[in-house]
Every structure is written in structure tokens, then in C-alpha cells.
Amino acid sequence: MKKLLSVFGLFLVLAVLTACSSDEKDGASTGNAQGKELKTINIGYQKGNTLHILKESGILDEAAKEKDLEIKWELFTHGNTLMEGIYAGAIHFGHAADGPGIFAQASNKPFYYVGADNPNPEGVGIVVLKKSGITKLEDLKGKKVGALKGGNHHYSTVLALESVGLTVDDVEWVYPEDAAQGRALFETGQIDALASYDPFFASAELETDSITLVNGDIDGYPNRTFYFATETFVDNYPELVEFILEKIDESDKWANENREEVIAIMSEALGIKEEVISKQINRRTFGASEITDEIIETQQKQADKYFELKLIPVEVTIQDKVWTK
């Protein structure tokens, strides 16, 4: 069955890729200096992230119409699959957390970092059940900690452990397949601590009898998410990359000013209580920016740690994948 599903997944990616190629050959003019044509921009998003808000706001779609462009939205379950869509050419542009870009670069995949979100340090953290008797990070020594391998919350947990003199070898790591499985392991006591990310982190805080050990208290970790694009899209349509980033920032400003509407939209889209989404939305400030030297330095630190932990097979230089205008 798994083999059958894998084959089906491959056909699905190839089908989307074929559609993208057709769009680039037969599309309407974008005014690109190189004279190439594009009528549809394929954008990958994940439920609950800023591109999802952009999609629901309609800001990009309306602006694209004025350029005789159509925006086609493709939903991905998590950042690693979205990055596969990027380097396979199935989508032109997408959004993922800090880890997927590092993994893609370590595998020598073709893509660019083209932008970054504002920091969201409180969007990741560690919770433990009150009945566990764990009250501080030091108490995690010898305990089972659940995290999605290589995720932002995995990295932030490593930093948190190191901040109190513990190492990755001082805990037993359990790697669930997804956030839902992690939550189940946590509630049934199969792990002692759960490292998670919003909105699932906020959900665990509100819906379980737990205490939060870490929430935005890790020095030097901003928890940024990034915008990625294919090399072909960036090289041939740099003005469209800038156009998309401008509309993301416009949508982000709208989200900051209309939080209640965003909460209602995301609650319905995710099937998660408004109380949980409210906690997630109200502890962050939306905004998009270019990739600065400071951002590169922080991302490089994370990549170096992933290599140290043998999460990636080779060292990478983040700057090599950053788009410069």
C-alpha cells in the first residue's frame, strides 16, 4: 500500500509540474525584461501560515488580476513537502519554517531564499503535564521528549537544553510523524515533554493540564519562517518575486490590524477553536522583510547545529542560497 501511495504521490507532483510548465509556455505577458511569458503563478502554502492569510485576504489575487496574472494556490501538509514542490518546479513560490531550507540545501536542491517573516519566538515551546512532577528544564534529564525531527521546535529545544547545561544525549528523543501524533503521545504519557509549534503548541497549552517550560525565552532564537522560490522563477521574473513579497507585507499589515477577522478565518480553516487561534495570533506580529546579514547569520548557526547533530550529511553555507537583487 505504501508503495502504491508513493507512486500516486509521484504522479501527482508530475501532474502539477506539467501544468506549471504549460503555464510558462503559453501564459500572458508579464512585462519581463527577458521577454518570457507567464500567466499563472503557483504558490504553495500550509494551513494557518501567513500565505494562508494572504490567500484568504484576496490581496494578492486582486493585484495579480491587474497584471493579467492568475494565482493558483497549492496546499501542502508541512514545510518539507512544500520544499519538494519548490525544487521539483511544481510551484514557483512558497513558505516554510527554518529547517526545511537547510535540509533542501544539504541535499543540493535548486531553490532560493527570497524573504523572511518577523521573528515569532513565542510560537514554539515545551510543555509538560502537571502530574509529571517536572517543573524546570533541568528535570528533563533522562526523560522522553517528543518533537518532529529537524523542526523549529526541535532546534529550539536543543538550545533550551544547552542553556541549562544539558546536551541532546541527556534526553531520549521521540520523533512522531506529525503534530497530532505528538499530542497523542503526550496526553497518554508515552512521552514526558512535548516540544511543539503554533497552533499546536497553543492548543497543548490551553487544552491539557500542563505547564509551559519554555515559551520564547531562548536567547538568540527568533523562530523565523522563510519565503522560498524556484531558481527559474527568481532568475526570469525577479519583479514578480518583489511583487509577491510586497503583497505579503500588505496582507501582514492587514492581519495586524484585523486580528479578530484573522482568528475567525483561521479557526474555520483549521477546525481549531478560536480560543487557541487567538493565543497563536495575538502573541506574534506579522511582517515580511528581505533577508538581512543578521538573518543569514542566525540561519547559519542553525545549519551548523544540524550538521553537528548529524541531522544533515554536509555543512552548508546559507548565503549561497540567498537571492540578491
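Remember, predicted model here, so these are calculated numbers, not experimental data. We number each residue from 1, following the sequence as shown.
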To the nearest 0.5 Å, tell me how far [X] [atom1] sits from [Y] [atom2].
X   : Y    : atom1 : atom2 : value
H95 : I86  : NE2   : CD1   : 11.5 Å
D61 : I71  : CG    : CD1   : 6.0 Å
S57 : K247 : OG    : NZ    : 10.0 Å
H52 : W73  : NE2   : CH2   : 9.5 Å

**Message:** Let me check something: do I191 and I126 share a hydrophobic cluster, defined by ILVMFWY side-chain heavy atoms less than 4.5 Å apart, either directly or through other members?
**Reply:** no

**Item:** Same apolar cluster: L161 and V127, side chain cutoff 4.5 Å
**Value:**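 No: no chain of side-chain contacts under 4.5 Å links L161 to V127.
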
**Step-by-step side-chain contact (heavy atoms from CB on, under 4.5 Å) determination, Q46 to H78** = CA-CA 6 Å; Q46 300 169 66; H78 55 75; 4.2 Å; yes

Would you say [X] and [Y] make side-chain contact, with heavy atoms under 4.5 Å?
X    : Y    : value
H154 : W173 : yes
Y87  : T230 : no
L82  : I91  : yes
T208 : E187 : yes

Would you say [atom1] of [X] has more than 12 non-hydrogen atoms from neighbouring residues, nucleotides or ligands within 6.0 angstrom?
X    : atom1 : result
E275 : CD    : no
E290 : CD    : no
D320 : CG    : yes
E138 : CD    : yes
E268 : CD    : no

[X] and [Y]: side-chain donor and acceptor closer than 3.5 Å?
X    : Y    : value
T135 : D139 : yes
E84  : N80  : no
E274 : S278 : no
Y227 : T50  : yes
E294 : T292 : no
R224 : T298 : no
D117 : T225 : yes
Y221 : D98  : yes

**Prompt:** Checking side-chain contact (heavy atoms from CB on, under 4.5 Å) for the pair L129/F186: CA distance, chi angles, key distance, verdict?
**Reply:** CA-CA 8 Å; L129 294 175; F186 179 61; 3.6 Å; yes

**Request:** Run the numbers on H92 and N42 for side-chain contact (heavy atoms from CB on, under 4.5 Å), then give the verdict.
**Result:** CA-CA 5 Å; H92 299 101; N42 298 284; 3.1 Å; yes

Could you tell me which non-hydrogen atom of [X] sits nearest to which non-hydrogen atom of [Y], and how far apart they are?
X    : Y    : value
P176 : L148 : O-CD2, 3.3 Å
F201 : V214 : CZ-O, 3.8 Å
L51  : G94  : CD1-C, 3.8 Å
G79  : A96  : CA-CB, 3.8 Å
H153 : S156 : O-OG, 3.1 Å

Would you mind checking if [Y] and [X] are paired as a salt bridge, meaning a charged N to carboxylate O distance below 4.0 Å?
X    : Y    : result
E250 : K253 : no
E231 : K321 : yes
D304 : K301 : no
K72  : E74  : yes

**Request:** List the steps and the verdict of side-chain hydrogen bond (donor to acceptor under 3.5 Å, both in side chains) for T317 and Q319.
**Result:** CA-CA 6 Å; T317 302; Q319 179 67 64; over 6 Å; no

**Request:** Indicate yes or no for a side-chain donor-acceptor contact from Q300 to the backbone of I318 under 3.5 Å, with no hydrogens or angles considered.
**Result:** yes

**Request:** Test side-chain contact (heavy atoms from CB on, under 4.5 Å) on V276 and L270 and set out the steps.
**Result:** CA-CA 11 Å; V276 172; L270 294 167; over 6 Å; no

Give me the ring orientation class for [X] and [Y]: parallel if the planes are under 30° apart, tilted from 30 to 60°, perpendicular past 60°.
X    : Y    : result
Y197 : F200 : perpendicular
F103 : Y306 : tilted
F226 : Y113 : perpendicular

**Message:** Tell me whether the NZ or CZ atom of K305 lies within the 45° cone about the ring axis of Y155 and under 6.0 Å from its centre.
**Reply:** no

**Asked** Given D198, which of K279, R283, R284 fulfils the salt bridge (charged side-chain N to carboxylate O under 4.0 Å, His left out) condition?
**Response**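 Among the candidates, only R283 passes.
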
